[in-house]
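Let me begin by presenting the structure, written as C-alpha cells, before commenting on it.
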Amino acid sequence: MSNSAQHRARICVALDMADAAAAADLARRLHGVVDMVKVGMELFYAAGAEGYAKVAQAGLPVFLDLKLHDIPNTVARGLTSLLALSPPPAILNVHASGGPAMLRAAAQAVDGRAKLVAVTVLTALSGDDLAAIGLAGPPHDAVLRLAALARESGLDGVVCSPEEVAAIRAALGDDFLTIVPGIRPAGAGLNDQKRAATPKAAQAAGADILVIGRPITQAPDPVAAAMEIRTALEQSSA
Ligand code: C5P
C-alpha cells in the first residue's frame, strides 16, 4: 500500500461497545461513508461469534482486534478459529512480542486469508514501564525492532501511533500496512489519548488506515462526523 501522496487513508471506526445490536446499527449507518469497522475485546467477549456476525453483516470489512499472544501452536489455532467466523474478518492481529516462532506460525495459519498485523509496544507503556518488564531502551527503538521482526516473520503490517508512522514507513517501506489509532479531528477533545494527530496529519505521515472511535461514535451525528473526516482526507490526498 503506498502512502498519502496518492491514496486517501482508509477510515476504520472502532466500535468500542459491548452491545452488538447497537454496534451493528452504527455499522449499517456508516456503510458507504467509512471503509471498515473495528471489533475489539469488549464486544467480542460480551457478544461472541453471534455478536460479531451481526456487525459483520452490515457489510463493512471487520478488523477483529483481539491481540493474540500465546505459544505458536495456540495462536495459530486461535487464528484458524477466528477465520472460520462468518463472514471472516478482513484484519486480525497478534502481539509482536510473542516472538519470531509465534509470528511465523500466525502468518502461516492466516496464509493470506486476512491481513495479519502486529501490535508492537502498547502506547500506554512508558519507558519506565518497559524497564519494569525487562525491556531496555526507549519505546521508539522497541517499536521499530518489533515492527521489523513482524515484517521478517511474514506479517502484513503493524498497529502504531501517529508518532511512529513516518519512521516505520522509512524503515520498512510503502507496502507494509500501518494502522493508526489516536486520531482526533482538529478541535476535538482528546479523551484519554495523549499523543493524538489529526486525520490529515496521520495521512500525510503515511498512515494507511486510521482507527477512529469516539470522535465518530460519540458524535451527535456519527454519519456527519465521519463524512467530515472523509472529506478532509480526500481534499488533502492527491
Ligand atoms: O475512541 P478512540 O478514537 O480513542 O478509539 C481508538 C481505538 O483504538 C480504541 O479501540 C483503542 O483501544 C484503540 N487503540 C488506541 N491506541 C493504541 C492502540 C489501540 O487507541 N495504541
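In each ligand, atom 1 is the first atom listed, and ligand 1 is the first ligand listed.
- The aromatic rings of H69 and H95 are tilted relative to each other, their planes meeting at an angle between 30° and 60°.
- Counting protein heavy atoms only, atom 12 (O) of ligand 1 is closest to K38 NZ, 4.2 Å.
- Residue K67 places no N or O, backbone or side chain, under 3.5 Å from any N or O of ligand 1.
- Side chain of N93 to main chain of V117: no donor-acceptor pair is present (N/O by atom type, distance under 3.5 Å, no hydrogens or angles).
- Of the protein's non-hydrogen atoms, the one nearest atom 21 (N) of ligand 1 is T123 OG1, 2.6 Å.
- Side-chain atoms of D129 come within 3.5 Å of backbone atoms of S126 as a donor-acceptor pair (strictly under, hydrogens ignored).
- At a threshold of 4.5 Å between non-hydrogen side-chain atoms, the residues R230 and I11 count as touching.
- Comment: D208 does not engage R8 in a salt bridge, judged by the lack of any side-chain N to carboxylate O separation of less than 4.0 angstrom.
- For the pair R214 (side chain) and Q218 (backbone), a donor-acceptor distance under 3.5 Å is absent.
- Considering backbone and side-chain N/O of G213, one or more are found under 3.5 Å from N/O of ligand 1.
- At the top of the distance list for atom 18 (C) of ligand 1, counting protein heavy atoms only, stands P181 CG, 3.5 Å.
- In summary, E50 and K54 do not engage in a salt bridge, as defined by a charged side-chain N under 4.0 Å from a carboxylate O.
- For ligand 1, the atoms closer than 4.0 angstrom to any heavy atom of V211 are 7 (C), 8 (O).
- Residue, atom and distance of the protein heavy atom nearest to atom 9 (C) of ligand 1 are D16 OD2, 3.1 Å.
- Each of the atoms 7 (C), 10 (O) of ligand 1 lies under 4.0 Å from some heavy atom of A14.
- In P215, the part holding a heavy atom less than 4.0 Å from any atom of ligand 1 is the side chain.
- By heavy-atom distance, the residue among R214, Q218, R184, Q193 lying nearest atom 6 (C) of ligand 1 is Q193.
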